[in-house]
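Values below: every heavy atom of this structure, side chains too, minus hydrogens, waters and symmetry copies.
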Amino acid sequence: MTQTPRNGNPAVAVVVLAAGAGTRMKSATQKTLHAIGGRTLLSHSLHAADTVDPSLIVAVVGHGRDQVEPAARRVGEELDSDLTVAVQSEQLGTGHAVQCALPALAGFEGTIIVTNADVPLLTGETLAALSAAHTEVPTAVTVLTMEETDPTGYGRIIRNDAGEVTAIIEEKDATAEQKRVTEVNSGVFAFDAGVLRDALTRLHTDNAQGELYLTDVLGIARADGHPVRAHLAADARELAGVNDRVQLAAAGRELNRRTVEAAMRGGATVVDPLTTWIDVEVTVGADVTILPGVQLQGRTVIADNVTVGPDSTLEDVEVGEGAHVTRTHARQSVIGPRADVGPFTYLRPGTDLGEGGKLGGFVEAKNATIGRGSKVPHLTYVGDATIGEESNIGASSVFVNYDGVDKHHTTVGDHVRTGSDTMFIAPVTVGDGAYSGAGTVIKDDVPAGALVVSGGHQRNIEGWVQRKRPGTPAAKAAEAAERAAEQQ
Ligand code: UD1
Ligand code: CA
């Protein structure tokens, strides 16, 4: 299904560079497809791009294109934004990458913002501030800069005696004096489209890396007499690039710090922010308590007054108001309001626990709807089932859903009481208000209000162990018990 993307601001377009090899990641996965906070680096950068409401986003892909291109298109659809993929088949430098984006921008007159897909912490607010600074006074090139106590690896911002930016010099091309400059290029720019197009035709590879540097556009524009400026970012942490897995973890930690802080500002108590991990698309309500060791992942939604943890992982789980979830692993499930889950409980996809329901210790559920007020308190597997309201499933029961070839469904009515160790051999239906005895194997449907039992009367074969297992510890124990009984 293709829909017409919404129209953005006709004066702004964003180019996101994602064609580099990212060799320092040492990965079969292209660098920008590594994820933090539940989103790939590429997705983070496209989300940031989208917040300035551009009329067009151009993602430049090259290395690992077969992975990166479909990923970029998926995010574009998710954002409902006009996204075009441009291909840079050979990575000849950041300037060359932007050249590859130009055909997609044919006829565009306005501000072209260029960002790198390996800068995942960049916020929309910072991009908007850059864009505003760029248009406030007529400017041809605005580079987003930051102060780094250790500027190693970054391009240095060179200023003249008047404090005006004159050039950006890459680390590998810098003199010892230039290397001491601590204001560096974040890799994010705003360009006047016409100036950028013209300067890109005049780049050269006469530098230490033999590449076409985007950074040279600034110097060329200035030499042509165009106004160029630097916009210093308030928070350098936002502009940290991810080039290896150590930086990936650091960026993930910083992103999580922000997400957890937002949850706390929204009224959640987070007992241990350092062991609480919340993905960016998670929603956390007010008066929620999150105990140590919790991971809230994907599109998980936590309503007000919920307690989660300790030690729980919820992925794409909806938790209703006032529910308690303790030491639980749950995926693609719904936990109703005031329901009680855990400890040591596993909710697999398709579990839907009703209001006030319970899934207790060592219970596993999958593709199962458990009605309002129904309880599965202990040691039970509930697979492919519908349980009505206010029913209770005895300890150690199994919904036997698989015959070795096909999966089958079990339906249990309202107000049912089943005994411990009941086996529901699917497909089978248990009517409203029915009971089962302990150890029942239910193979046929049970009518409403019936008590179902299975298996014959109990038979004790006296002395079997002493005769058939003579000399064993069990036989000796039995003999001792017999002697003790005789002496009484
Ligand atoms: C670049 C800047 C540097 C800046 C730093 C900030 C240049 C020449 N240098 O250096 O001034 O301080 O970013 O992080 O621009 N890419 C392509 N095609 C290419 C080369 C790179 O798409 O041919 C993409 C990469 O995927 C990446 C981005 O451009 O997303 C930056 O490339 P990278 O090689 O990491 O540049 P740096 O050396 O970090
Ligand atoms: Ca980089």
Side-chain angles (χ1 to χ4, degrees), residues 275 289-297 300 302 306-320 322-404 407-412 416-426 428 430 435-442 452 454-455:
T275 62
T289 300
I290 302 178
L291 298 166
V294 168
Q295 298 97 44
L296 304 177
Q297 301 174 335
T300 291
I302 310 287
V306 166
T307 301
V308 189
D311 304 330
S312 296
T313 303
L314 310 185
E315 181 193 324
D316 299 323
V317 176
E318 200 184 309
V319 184
H324 279 73
V325 182
T326 308
R327 289 189 204 280
T328 291
H329 194 102
R331 296 187 295 141
Q332 287 94 49
S333 292
V334 176
I335 295 170
R338 288 165 290 286
D340 190 359
V341 177
F344 306 108
T345 305
Y346 183 22
L347 276 61
R348 290 165 52 201
T351 300
D352 187 340
L353 177 62
E355 178 174 354
K358 181 182 172 76
L359 292 177
F362 305 100
V363 170
E364 174 176 331
K366 181 215 80 171
N367 187 29
T369 300
I370 297 125
R372 186 178 52 80
S374 284
K375 295 182 167 52
V376 186
H378 331 272
L379 298 162
T380 292
Y381 174 61
V382 187
D384 299 308
T386 306
I387 300 175
E389 298 184 354
E390 305 292 344
S391 287
N392 191 88
I393 305 300
S396 205
S397 295
V398 176
F399 285 67
V400 183
N401 58 335
Y402 187 47
D403 61 13
K407 299 278 169 68
H408 301 282
H409 197 87
T410 295
T411 304
V412 173
V416 169
R417 297 276 172 276
T418 62
S420 295
D421 197 21
T422 294
M423 300 293 119
F424 300 84
I425 313 292
V428 77
V430 178
Y435 274 56
S436 74
T440 298
V441 179
I442 302 178
V452 54
S454 70

Check ion pair E389-R372 (N to O, under 4.0 angstrom): yes
Closest non-hydrogen atom pair between G383 and F399, with its separation: N-CB, 3.7 Å
Would you find a donor on one side and an acceptor on the other, under 3.5 Å apart, between the side chain of T418 and the backbone of G394? yes
Would you name the heavy atoms of P377 and I393 that are closest together and state the gap between them? CD-O, 3.2 Å
Pairwise distance CG(D316) to CD(Q297) - rounded to 0.5 angstrom: 8.5 Å
For the backbone of E390 and the side chain of S374, can you confirm whether one donor and one acceptor N or O come within less than 3.5 Å of each other? yes
Close side-chain approach of F424 to V412, heavy-atom, < 4.5 Å: yes
With a 4.5 Å heavy-atom cut-off, do H408 and D403 have their side chains touching? yes
Looking at S454 and V441, would you say the former's side chain and the latter's main chain have a donor-acceptor pair under 3.5 Å? yes
Do S436 side-chain atoms and G419 backbone N/O form a donor-acceptor pair below 3.5 Å? yes
Verdict with supporting geometry, T422 and T440, side chain to side chain donor-acceptor pair (under 3.5 Å): CA-CA 5 Å; T422 294; T440 298; 4.9 Å; no
Between K375 and G356, which heavy-atom pair has the shortest distance, and what is it? NZ-O, 3.9 Å
Hey, what do you get for CD (Q332) to CG (L314), rounding to the nearest 0.5 Å? 11.5 Å
Give me the atom names and distance for the closest heavy-atom approach of A330 to V317. O-CG2, 3.5 Å
For K407, is there an ion pair with D384 - N to carboxylate O distance below 4.0 angstrom? no
Inter-residue atom distance L296.CG - E315.CD, 0.5 Å rounding: 11.5 Å
Report yes if the side chains of D421 and S397 come closer than 4.5 Å at any heavy-atom pair, otherwise no. no
Any idea which heavy atoms bring S333 and G350 closest together, and the distance? OG-N, 4.2 Å
In a check of side-chain contact (heavy atoms from CB on, under 4.5 Å) between V341 and each of T328, V308, T351, which one passes? T328
Any H409 side-chain heavy atom under 4.5 Å of N401 side chain: no
Residue pair I335 / V325, side-chain heavy-atom distance below 4.5 Å: yes
Flag the pair V363 / F344 as yes when at least one side-chain heavy-atom distance between them is below 4.5 Å, and no otherwise. no
Under the rule for ring pair (Phe, Tyr, Trp, His ring centres under 6.0 Å), what residues qualify as partners of Y346, not counting sequence neighbours? H329
From CD (Q295) to CD1 (I290), nearest 0.5 Å: 11.0 Å
Heavy atoms, side chains only, cut-off 4.5 Å: are K366 and Y381 in contact? yes
Given side chains that start at C-beta, do those of V334 and L353 come closer than 4.5 Å, heavy atoms only? no
Show the numbers, then the answer: is there a side-chain contact (heavy atoms from CB on, under 4.5 Å) between V430 and I442? CA-CA 9 Å; V430 178; I442 302 178; 4.1 Å; yes
Using 0.5 Å steps for rounding, measure from the CG atom of L347 to the CD atom of E364. 9.5 Å
Using 0.5 Å steps for rounding, measure from the OG1 atom of T369 to the CG atom of D352. 5.0 Å
